[in-house]
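This structure is a prediction, so every number in the text was calculated from the model and none was measured. Chain letters run A, B, ... following the sequence lines, proteins first, then strands; residues in each count from 1.
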2 protein chains.
Amino acid sequence: MKNLADILELDGPAGPPTERMLQILTEACRLFATRGFDGVSVRDIAQECGISKATLYHHFPDKDAILRPLVMGITRSLHQRVLRAIPAEAEPAEKLRAFMVESARFFEEYRWAFIVSSTVFWTDPQARQRRQRIEWRDRHEALLRIILEEGVQRGAFRIEDIGMAGRLVLGALNWMPKWYDPKGPLPASAIAEQFYDVLLAGVGARPDVITI
Amino acid sequence: MKNLADILELDGPAGPPTERMLQILTEACRLFATRGFDGVSVRDIAQECGISKATLYHHFPDKDAILRPLVMGITRSLHQRVLRAIPAEAEPAEKLRAFMVESARFFEEYRWAFIVSSTVFWTDPQARQRRQRIEWRDRHEALLRIILEEGVQRGAFRIEDIGMAGRLVLGALNWMPKWYDPKGPLPASAIAEQFYDVLLAGVGARPDVITI
DNA sequence: GGCACCCAACCGATCGGTCGGTCGGGCCGC
DNA sequence: GCGGCCCGACCGACCGATCGGTTGGGTGCC
């Protein structure tokens, strides 16, 4: 995982996060991703960091306070990074490609946090910063929808239901964590490129073109 | 949820599952899907069924024994149902369509169990019947791969990397539980049809065809 | 001395699971 | 028909373990 501090916004009233806090967040993130939030005890996190549980509670008020910045940071940063990666003047197809590739790249860099974020979205009916998180996610989905709509209007895309097309794209990308192997032959960005190719041209052969 | 008994294989040495066991499985399934396995206590399940915890343990040896048939049954039944829904003599494209639509239909019928199964796959590093479950999943993925390969060989599909194309398809389908609303306008099968259309023809406009 | 950091020991609550016992309906010998 | 018996379904009370979180007291650096 790249520097986890980049995606966090802990530098509020308490100043920038300390080295120890980052260590706790990093270890907790990896544990949450592999065993789930409820499957990891505060003792586990402390032990993994080589400190006592009481020390951990010196840096964080409660268990939720460890999870929250991870989920929140990932949701926000994903959108911001993808948004920044999309060239303003490009063709819609190129924008879609940028959206998909940058999403995959982000996933690869912050894999554990990405997994935590996407699993927590489920089993969390109430509070945990839900509103603000959903706001970012909606903004992200809106960005994709705008790209697709622009493509349709400019004649680059041919889409019946934009919402459904968007969900197909996001589904393929968001499902990646479940099977992606960082030691595999292809980086996530290359996989996203392939997805893009299939998505744009379809898998169906085009006899009408071939037989001209 | 349709009759949960259809997907279970509890009728082993102990005979067919009793009404009470089915009730426990049904309620537990719904709770697991919404709050996660670790987020649901045995007390919760018992209370939801209107029985005491001791009574629940009279019907199941432990908590895992409630989860196991759900996850196992879904994984196995999904494959079997989809396999049966694919016509042997059809074109590859029609087979792919049947694969996707039947998967969606199955998800819609056994929505809670489907969600439980797909979430449990994560946070479960060890035992819980992992080997047998993965066997069914692999068989399912192999089925899709065979369809795609046949399509390529018969000139119906134009695919660079079959594994990646398959993962795109499965990703879109498996992600559905996260956003699908059973009270929405479209049934899951109709959504799968749309996915199929996009997948086959792609979203890119085809000026080469239009300008003939 | 004061502050940030750290710890062993402890707290009440809740976890998965067990125990001894109650209840009611079928089934037997008579 | 009927007392005695059995047994599956059920329950309240309890178990040790572990949960998230707290307390009070160190230790070392400014």
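Rounded to whole Å, the distance from CD on Gln47(B) to C1' on dC15(C) is 15 Å. In this structure, Met21(B) places its CE atom 12 Å from P of dC10(D), rounding to the nearest Å. Look at NZ on Lys63(A): it is 15 Å from P on dT22(D), rounded to the nearest Å. One can place CZ of Arg35(A) at 13 Å from P of dT18(D), the figure rounded to the nearest angstrom. One can place CD1 of Ile45(B) at 17 Å from P of dT14(C), the figure rounded to the nearest angstrom. The CZ-P distance, from Phe60(A) to dA4(C), rounds to 17 Å in whole Å. Nucleotide dC19(D) holds its C1' atom 14 Å from the CG atom of Leu56(A), rounded to whole Å. If you take CG of Leu67(A) and C1' of dG20(D), they are 14 Å apart, rounded to a whole angstrom.
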Per-nucleotide protein contact string for nucleotides 5-13 of chain C, where B marks a base within reach and S marks sugar-phosphate only (heavy atoms under 4.0 Å, - for neither): BSBB-----
Contact letters for nucleotides 25-30 of chain D, in which S counts primed atoms plus P, OP1 and OP2 and B counts the base, heavy atoms under 4.0 Å: ------
If you restrict it to nitrogen or oxygen atoms, what contacts under 3.5 Å exist between nucleotides 21-27 of chain C and the protein, and what is each distance?
none

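Checked against side-chain hydrogen bond (donor to acceptor under 3.5 Å, both in side chains), Tyr180(B) has the following partners two or more places apart in sequence or in another chain: Glu108(B). Annotation: side-chain contact (heavy atoms from CB on, under 4.5 Å) contacts of Glu149(A) (sequence neighbours excluded): Arg145(A), Ile162(A). Taking Ala98(B) as the reference, Ile86(B), Pro87(B) meet the side-chain contact (heavy atoms from CB on, under 4.5 Å) condition, with sequence neighbours excluded. Under the side-chain contact (heavy atoms from CB on, under 4.5 Å) criterion, Asp161(A) pairs with Met164(A), Gln194(B), not counting sequence neighbours. Not counting sequence neighbours, Tyr196(A) has no partner by the ring pair (Phe, Tyr, Trp, His ring centres under 6.0 Å) test. In this structure His59(A) satisfies the ring pair (Phe, Tyr, Trp, His ring centres under 6.0 Å) test with no other residue, sequence neighbours excluded. Not counting sequence neighbours, the partners of Arg139(A) by the side-chain hydrogen bond (donor to acceptor under 3.5 Å, both in side chains) test are Glu135(A).
Every pair passing salt bridge (Lys or Arg N to Asp or Glu O under 4.0 Å) that includes a residue from residues 69-78 of chain A is listed here, sequence neighbours excluded: Glu9(A)-Arg76(A). For residues 39-48 of chain B, the side chain to side chain donor-acceptor pair (under 3.5 Å) pairs, not counting sequence neighbours, are Arg30(B)-Glu48(B), Arg35(B)-Asp44(B), Ser41(B)-Asp44(B).
Screening Phe107(A), Phe114(A), Phe106(A) for a ring pair (Phe, Tyr, Trp, His ring centres under 6.0 Å) with Tyr110(A), the sole residue that qualifies is Phe106(A).
Checked by atom type and distance alone, the side chain of Lys95(A) never pairs as donor or acceptor with a backbone atom of Leu148(A) at under 3.5 Å.
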